[in-house]
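Shown next, in structure tokens, is the structure this report addresses.
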Amino acid sequence: VGAAAAPLAAEFIQRMLAEWQRKASVVAETALSWSGMQDDPEGFVRSLSDDPRLTALAQRIAFAANVTGNDQKLRALGQILGGAIKARGDRLDEAEVLTSVFTDIGSAEVLALEVLAGDPQNAEQQRQAAKVTDQPHPAPLWTVEEVQDALPMDPGFAQACLSVLARYGLAEAVNTYGQIQPYRITEFGRGFLNVVQAAAEGPGSAPAADN
């Protein structure tokens, strides 16, 4: 059995190595574009090697890239690295936080976050009620059921996705009377979603330093 499986194991390893190389290429090409150093790839490498924190950030991004198969996420990670290099390390704290979030946030959570970024059916009524009570209302509230209806996944997963988003501060559960806690997107959540969307559109969509 071992002899028969050896060729399959070799092919599997080759495929894994090829996929790792592809992921690294996507991240590196995106980072180079967002850094503004497309014409100076050697300078790009020097920027990484000259700053220990940038080197550590690149290592964390490489790990996050290795455990995802989502190309949009790979480009977002590249954008974070490229933006950090363009800012000459001035915003490394933000880049490190974003990288940590990207390591654990998957496509399902991003879909749930996109839902929260929009308006539920009663959004206008919520805004009117906020005006009447003179209360600030930064974002409309979504019930778990409303999020579930908007997500293309099996029932029960919405609550899990929302819990993950709340854990990382991308969404928050709001205390209300007489019902299960609804959720809304946070400002950090909107910023995170901007990074994801900008990565999908390319370097020309927004300044890397702003994300």
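None of the values given here were measured: they were computed from a predicted structure.
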Query raised in the report: Minimum heavy-atom separation for Gly43 to Met37, with atom names?
Result: C-CE, 3.2 Å
Query raised in the report: Between the main-chain N or O of Arg184 and the side-chain N or O of Glu172, is there a donor-acceptor pair closer than 3.5 Å?
Result: no
Requested in this report: Hey, could you give me the CG/CH2 distance between Leu81 and Trp34, rounded to the nearest 0.5 Å?
Outcome: 13.0 Å
Report summary line: In terms of heavy-atom contacts, Gln38 and Ser33 come closest through NE2-O, 3.4 Å
Query raised in the report: Measuring from Ile61:CD1 to Thr103:OG1, what's the distance to the nearest 0.5 Å?
Result: 9.0 Å
Query raised in the report: Rounded to the nearest 0.5 Å, what separation is found between the OG atom of Ser107 and the CD atom of Glu114?
Result: 9.5 Å
Requested in this report: Given side-chain contact (heavy atoms from CB on, under 4.5 Å), test Val67 with Lys73 step by step and report yes or no.
Outcome: CA-CA 11 Å; Val67 294; Lys73 187 173 178 179; 5.9 Å; no
Query raised in the report: Between Ile185 and Gly189, which heavy-atom pair has the shortest distance, and what is it?
Result: CD1-C, 3.8 Å
Report task. Treating Ile, Leu, Val, Met, Phe, Trp and Tyr as nodes and any side-chain heavy-atom pair under 4.5 angstrom as an edge, say whether Val101 and Phe63 lie in one connected cluster. Result -> no
Report task. List the steps and the verdict of side-chain contact (heavy atoms from CB on, under 4.5 Å) for Glu29 and Leu32. Result -> CA-CA 5 Å; Glu29 291 171 3; Leu32 190 61; 5.7 Å; no
Query raised in the report: Heavy atoms, side chains only, cut-off 4.5 Å: are Leu48 and Phe44 in contact?
Result: yes
Query - pair Tyr183-Val147: side-chain heavy atoms closer than 4.5 Å - result: no
Query raised in the report: CD1 of Ile105 to CG of Leu165: how many Å apart, nearest 0.5 Å?
Result: 5.5 Å
Report task. Output the distance between atom CG (Asn122) and atom CH2 (Trp142), rounded to the nearest 0.5 Å. Result -> 9.0 Å
Query raised in the report: Glu109 side chain to Gly106 main-chain N or O, any donor-acceptor pair under 3.5 Å?
Result: yes
Query - Heavy-atom side-chain proximity of Thr30 to Leu74 below 4.5 angstrom - result: no
Query raised in the report: If you look at every heavy atom in Lys23 and Ala65, which pair is closest and at what distance?
Result: CD-O, 3.2 Å
Query raised in the report: Given side chains that start at C-beta, do those of Arg22 and Asp71 come closer than 4.5 Å, heavy atoms only?
Result: yes
Requested in this report: Ignoring hydrogens and angles, tell me if any N or O in the side chain of Ser49 forms a donor-acceptor pair with the backbone of Arg46 under 3.5 Å.
Outcome: yes
Report task. Apply the test side-chain contact (heavy atoms from CB on, under 4.5 Å) to residues Leu151 and Phe157: give CA-CA distance (whole Å), side-chain angles for both, the deciding distance (0.1 Å), then the verdict. Result -> CA-CA 9 Å; Leu151 288 175; Phe157 282 91; over 6 Å; no
**Report entry** Closest non-hydrogen atom pair, Arg190 against Ala117
**Finding:** NH1-O, 3.7 Å
Query raised in the report: Does any non-hydrogen side-chain atom of Leu162 lie less than 4.5 Å from one of Leu116?
Result: yes
Query - Contact check, side chains of Phe102 and Val196, non-hydrogen atoms, under 4.5 Å - result: yes
Query raised in the report: Would you say the side chain of Ser100 lies within less than 4.5 Å of the side chain of Arg60, judging by non-hydrogen atoms?
Result: yes
Query raised in the report: For Leu170, does its backbone N or O pair with a side-chain atom of Thr186 as donor and acceptor, under 3.5 Å?
Result: yes
Query raised in the report: Looking at CD of Glu146 and CD of Gln121, how far apart are the two atoms once the value is rounded to the nearest 0.5 Å?
Result: 7.0 Å
Report summary line: Taking every heavy atom of Gln148 against every heavy atom of Gly156, the minimum-distance pair comes out as OE1-N, 2.9 Å
Query raised in the report: Would you say the side chains of Ser163 and Gln159 form a donor-acceptor pair under 3.5 Å?
Result: yes
Query - Student check: side-chain heavy atoms of Asp104 and Val164 closer than 4.5 Å - result: no
